[in-house]
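Each residue takes its place number in the sequence, starting with 1.
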Amino acid sequence: LSDGLQTIGDYAFDQSSALKTMDIPESVTEIGDYAFQKCAFTSVDFPDAVRSLGKGVLYSCESLTAVTLPAGLKKIPEEGFAWCGGLRSFTIPDGITEIGDKAFWYCTGLMEITMADSVTSIGSEAFSRTEALEQMSFGDGSKLVSVGEKAFENSNIETVAFPASLQVIGKSAFNLCTALTTVTIPENSSLTTVGENAFNGCTELSRFYFPAAVTSIGTDAFDDCDAI
């Protein structure tokens with residue numbers, strides 16, 4: 001691709017299944033929806049000039065193992081890396097404030113997430129069906145406010161440590177996380193809401209701390225939590 005290119009449009013290289021490498025020019029500022037869906041990339045380095053990544057930008061790039069995000073990006077797009085089974089680890093860089101719906105859905109090989117303190121919301125089904133992901137932690141300076149509906153549903157997560165800033169655990173956020181044993185919530189937590197079915201079927205979860213700020217616990221929030 002030539003220098004001076006500014007936009008890569010929707011579906012531009014969709015299902016280019018033999019495309020293994022691409023040097024994206026530093027001039028590119030916008031990449032459209034599903035632009036590289038089902039390409040054969042093993043790694044992608046987005047230039048820092050990119051300010052917008054479209055929905056499903058690397059959807060189902062099953063050979064993908066490494067991604068470098070642009071420094072100015074604010075949101076991990078919806079379905080951005082869904083079905084990228086080759087990803088083993090992923091760093092959410094500082095400056096990202098939102099992780100979109102289904103951003104890492106069905107990333108079955110994903111074992112480690114390094115989460116930036118700047119993230120305030122995790123979208124619906126963002127890490128659903130991440131069968132290899134065993135733990136999720138947040139730094140002392142984390143600004144996380146909400147975990148969306150089904151965010152970790154059917155994942156293999158074993159432990160999660162939430163920051164004091166968290167206010168909402170959404171509906172079915174950890175539904176059927178049968179390996180989950182430990183949820184850490186600090187005493188000074190801002191948590192107000194635990195949604196319906198939030199921890200339904202978490203059969204290994206044996207305890208849960210409710211801080212004083214909690215005002216709502218949804219229907220079936222801890223249904224079938226046999227160890228509690």
Item to complete: Quick one: closest heavy-atom pair of A35 and G9, and the distance?
Response: CB-O, 3.7 Å
Worksheet item: Transitively linked via ILVMFWY side-chain contacts under 4.5 Å: F46 with L73?
Response: yes
Check: residues 172-180 side-chain donor-acceptor pairs under 3.5 Å, at least two apart:
{"unit_1": "N175", "atom_1": "OD1", "unit_2": "N200", "atom_2": "ND2", "d": "2.8"}
{"unit_1": "N175", "atom_1": "ND2", "unit_2": "E153", "atom_2": "OE2", "d": "2.6"}

Show me, pair by pair, the donor-acceptor contacts under 3.5 angstrom made by side chains of residues 87-96, not counting sequence neighbours?
{"unit_1": "R88", "atom_1": "NH1", "unit_2": "G85", "atom_2": "O", "d": "2.9"}
{"unit_1": "R88", "atom_1": "NH1", "unit_2": "G86", "atom_2": "O", "d": "3.3"}

Practice prompt. Compare all side-chain heavy atoms of V67 with those of F41 and state whether any distance is below 4.5 angstrom.
Written response: no
Fill in: Nearest non-hydrogen partners of L58 and C84, listed with the distance
O-SG, 3.1 Å
Practice prompt. Report the residues that fulfil side chain to side chain contact (heavy atoms under 4.5 Å, CB included) with S63, sequence neighbours left out, ordered by chain and then residue number.
Written response: T42
Discussion item. For D140, give me all partners under side chain to side chain contact (heavy atoms under 4.5 Å, CB included), at least two apart in sequence or on another chain.
Written reply: none
Worksheet entry | Worked verdict on V44 versus V57 for side chain to side chain contact (heavy atoms under 4.5 Å, CB included) | CA-CA 11 Å; V44 175; V57 63; over 6 Å; no
Discussion item. Just to verify, what does E134 make a side chain to side chain contact (heavy atoms under 4.5 Å, CB included) with, not counting sequence neighbours?
Written reply: N156, E158
Worksheet entry | Nearest-0.5 Å distance, CZ of residue R129 to SG of residue C107 | 13.5 Å
Name the atoms and distances for all side-chain donor-acceptor pairs under 3.5 Å in residues 207-228, with sequence neighbours left out.
{"unit_1": "T215", "atom_1": "OG1", "unit_2": "T192", "atom_2": "O", "d": "3.4"}

Worksheet item: Step by step, would you call F199 with V183 a side chain to side chain contact (heavy atoms under 4.5 Å, CB included)?
Response: CA-CA 10 Å; F199 295 93; V183 177; 3.9 Å; yes
Item to complete: Please identify each residue that fulfils salt bridge (charged side-chain N to carboxylate O under 4.0 Å, His left out) with E98, with sequence neighbours left out.
Response: K75
Worksheet item: Rest of the hydrophobic cluster containing V168 (Ile/Leu/Val/Met/Phe/Trp/Tyr, side-chain heavy atoms under 4.5 Å)?
Response: none
Worksheet item: Which heavy atom in I157 sits nearest to a heavy atom in M136, and how many Å separate them?
Response: CD1-CB, 3.6 Å
Practice prompt. Report the C-alpha separation of V119 and I76 in whole Å, then their side-chain angles, then the decisive distance to 0.1 Å, and conclude whether the side chain to side chain contact (heavy atoms under 4.5 Å, CB included) test is met.
Written response: CA-CA 10 Å; V119 173; I76 304 291; over 6 Å; no
Item to complete: Assign the ring pair F104 / F127 to parallel, tilted or perpendicular, where the plane angle (0 to 90°) is split at 30° and 60°.
Response: parallel
Discussion item. Show the nearest heavy-atom pair for residues M115 and I122, with the distance to one decimal.
Written reply: CE-CD1, 4.3 Å
Item to complete: Taking side chain to side chain contact (heavy atoms under 4.5 Å, CB included) as the test, write out the residues that go with T184, two or more places apart.
Response: A161, T182
Worksheet item: What distance do D45 atom CG and L69 atom CG have between them, rounded to the nearest 0.5 Å?
Response: 9.5 Å
Discussion item. To check you understand the geometry: which heavy-atom pair defines the closest contact between A126 and G100, and what is its length?
Written reply: CB-O, 3.8 Å
Going by atom type alone, with no hydrogens or angles, which donor-acceptor pairs under 3.5 Å involve a side-chain atom of residues 14-28 and a protein atom two or more places apart or on another chain?
{"unit_1": "D14", "atom_1": "OD1", "unit_2": "Q37", "atom_2": "NE2", "d": "2.8"}
{"unit_1": "S16", "atom_1": "OG", "unit_2": "F13", "atom_2": "O", "d": "3.0"}
{"unit_1": "S27", "atom_1": "OG", "unit_2": "G4", "atom_2": "N", "d": "3.0"}
{"unit_1": "S27", "atom_1": "OG", "unit_2": "L5", "atom_2": "N", "d": "3.2"}
{"unit_1": "S27", "atom_1": "OG", "unit_2": "L5", "atom_2": "O", "d": "2.6"}

Item to complete: Evaluate the criterion side chain to side chain contact (heavy atoms under 4.5 Å, CB included) for residue pair F162 and V147; output intermediate values, then yes/no.
Response: CA-CA 10 Å; F162 287 124; V147 175; 3.9 Å; yes
Worksheet item: Between atom CD of Q135 and atom OG1 of T181, what is the distance when rounded to the nearest 0.5 Å?
Response: 10.5 Å
Practice prompt. Taking the side chain as every heavy atom from C-beta outward, state whether T130 and I113 have any atom pair closer than 4.5 Å.
Written response: no
Discussion item. What's the separation between atom CG in L144 and atom CD in Q167, rounded to the nearest 0.5 Å?
Written reply: 9.5 Å
Discussion item. Strictly distance-based, threshold 3.5 Å: is any side-chain N or O of D33 a donor or acceptor partner for the main-chain N or O of K55?
Written reply: yes
Worksheet item: Y106: which other cluster members, linking ILVMFWY side chains closer than 4.5 Å, directly or transitively?
Response: Y11, Y34, Y59, W83, W105
Discussion item. Using 0.5 Å steps for rounding, measure from the OG atom of S121 to the CD1 atom of I99.
Written reply: 8.0 Å
Worksheet item: Counting N and O atoms only, with roles assigned by atom type, does the side chain of S155 sit under 3.5 Å from a partner on the main chain of F152, one being a donor and the other an acceptor?
Response: yes
Worksheet entry | Taking every non-hydrogen atom, the tightest pair across S190 and S165 | CB-O, 4.0 Å
Worksheet, complete the sentence: Output for pair (K102 NZ, E125 CD), nearest 0.5 Å, gives 4.5 Å
